[in-house]
Amino acid sequence: MIDLNASGAGLDGYALLAAQVQALFADERDFTANAAQFSAFVYHQIEDLNWAGFYINRDEQLVLGPFQGQVACVRIPFGKGVCGTAAATRQTQRVEDVHAFAGHIACDSASNSELVIPLIKEGRLVGVLDLDSPTVGRFSEADQAGLEQLAAIFLQLTDC
Ligand code: SME
């Protein structure tokens, strides 16, 4: 696991993760393969997560895609829950305490905070990247910026 607060010479934190994600996708552009790899990579490299994965846009509904973690709800309408809000607004949702978010959909009772990043390619909403943590307030502004950068690399290097 990478120390995201590390400092010193060379790449560290999210810069190192970004370089690793670029290497991970260097020879493959398939959506399912890259989404599966990406969710496994994020889940294992970023501390204190209990769920990491994708919901895919299928006709204005989010449908479960590749993920790591407990089994989850399969379909989320746009506008519902944290994921559906990210999809409808096309804005990242960084939720300090999911129990204070009206309409939050509890898939895993261990989740206490959540970060959902809309995945937009050439103006199309491909889906969302959803990360859950058992720790309230797990995701900082720096985490949001770092994970948005990783998601952008995924979109750039993947056919979708
Ligand atoms: N909590 C999400 C649902 C998906 S799970 O967290 C995997 C939501 O409110 O949209």
Side-chain angles (χ1 to χ4, degrees), residues 1-2 4 14 17-18 20-21 24-25 30-121 123-160:
M1 196 165 288
I2 290 166
L4 295 174
Y14 282 104
L17 294 180
Q20 291 176 316
V21 166
L24 194 60
F25 301 148
D30 180 83
F31 179 82
T32 306
N34 284 2
Q37 294 280 60
F38 189 82
S39 53
F41 180 81
V42 166
Y43 186 79
H44 289 286
Q45 294 298 334
I46 295 180
E47 282 182 342
D48 201 19
L49 301 181
N50 61 297
W51 205 90
F54 290 80
Y55 280 92
I56 317 299
N57 178 9
R58 301 260 186 259
D59 300 325
E60 307 268 304
Q61 266 207 346
L62 295 170
V63 179
L64 185 63
F67 72 95
Q68 300 274 308
Q70 301 281 2
V71 295
C73 17
V74 174
R75 289 179 185 270
I76 301 175
F78 275 31
K80 300 286 182 195
V82 185
C83 291
T85 300
T89 62
R90 296 187 169 207
Q91 301 286 321
T92 295
Q93 302 295 305
R94 185 161 60 89
V95 179
E96 179 139 327
D97 179 356
V98 294
H99 307 290
F101 187 100
H104 165 252
I105 302 165
C107 291
D108 181 346
S109 60
S111 300
N112 283 313
S113 60
E114 186 159 2
L115 182 71
V116 182
I117 298 170
L119 302 171
I120 297 163
K121 185 158 188 173
R124 286 175 294 110
L125 183 88
V126 174
V128 302
L129 174 67
D130 181 18
L131 306 180
D132 287 14
S133 170
T135 302
V136 172
R138 162 67 185 83
F139 302 104
S140 64
E141 280 183 31
D143 290 309
Q144 177 177 338
L147 284 154
E148 286 175 342
Q149 186 195 0
L150 299 186
I153 295 168
F154 167 84
L155 285 170
Q156 186 195 348
L157 298 181
T158 301
D159 291 331
C160 52

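Since we're looking at a predicted model, the values are computed, not measured. We number each residue from 1, following the sequence as shown. Note: hydrogens, waters and symmetry copies are ignored here, and every other heavy atom, side chains too, is used. Each ligand, and each atom within it, is numbered from 1 in the order the structure gives.
- Using modelled atom types, one finds no donor on one side chain facing an acceptor on the other under 3.5 Å when comparing Asp97 with Ser113.
- Crowding of Lys80 atom NZ: a count of heavy atoms from other residues, nucleotides or ligands under 6.0 Å not exceeding 12.
- Within ligand 1, the atoms closer than 4.0 Å to a non-hydrogen atom of Asp132 are 5 (S), 6 (O), numbered from 1 in the order shown.
- Annotation: Ile105 places an N or O atom under 3.5 Å from an N or O atom of ligand 1; distance criterion only.
- Both the backbone and the side chain of Val82 come within contact range of ligand 1, each with a heavy atom under 4.0 Å.
- Nearest non-hydrogen protein atom to atom 5 (S) of ligand 1 is Cys107 SG, 3.3 Å.
- Less than 4.0 angstrom separates some heavy atom of His104 from each of these atoms of ligand 1: 1 (N), 9 (O).
- Considering backbone and side-chain N/O atoms, Trp51 never comes within less than 3.5 Å of an N/O atom of ligand 1.
- Among all non-hydrogen protein atoms, the one lying nearest atom 10 (O) of ligand 1 is Cys83 N, 2.8 Å.
- When ring centroids are compared, Phe31 and Phe38 stay outside the 6.0 Å threshold.
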*Worked verdict on Cys160 versus Leu155 for side-chain contact (heavy atoms from CB on, under 4.5 Å)*: CA-CA 7 Å; Cys160 52; Leu155 285 170; 3.9 Å; yes
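- In Tyr55, the part holding a heavy atom less than 4.0 Å from any atom of ligand 1 is the side chain.
- For Asp143 and Tyr14, the side-chain atoms include at least one donor-acceptor pair closer than 3.5 Å.
- Close approach of ligand 1 to Gly81 is summarised as follows: ligand atoms under 4.0 Å from at least one heavy atom of the residue are 9 (O), 10 (O).
- Contacts between Asp130 and ligand 1, counted as non-hydrogen atom pairs separated by less than 4.0 Å, involve the side chain only.
- For ligand 1 and Glu114, the ligand atoms under 4.0 Å from any heavy atom of the residue are 1 (N), 2 (C), 6 (O), 8 (C).
- Environment of CD in Gln37: sparse, with no more than 12 heavy atoms of neighbouring residues, nucleotides or ligands closer than 6.0 Å.
- At a cut-off of 3.5 Å, with distance as the only test, no side-chain donor of Ser133 or Glu114 sits close to an acceptor on the other residue.
- For the residue pair Tyr43 and Asn50, the shortest heavy atom distance occurs at CE1-C, 3.7 Å.
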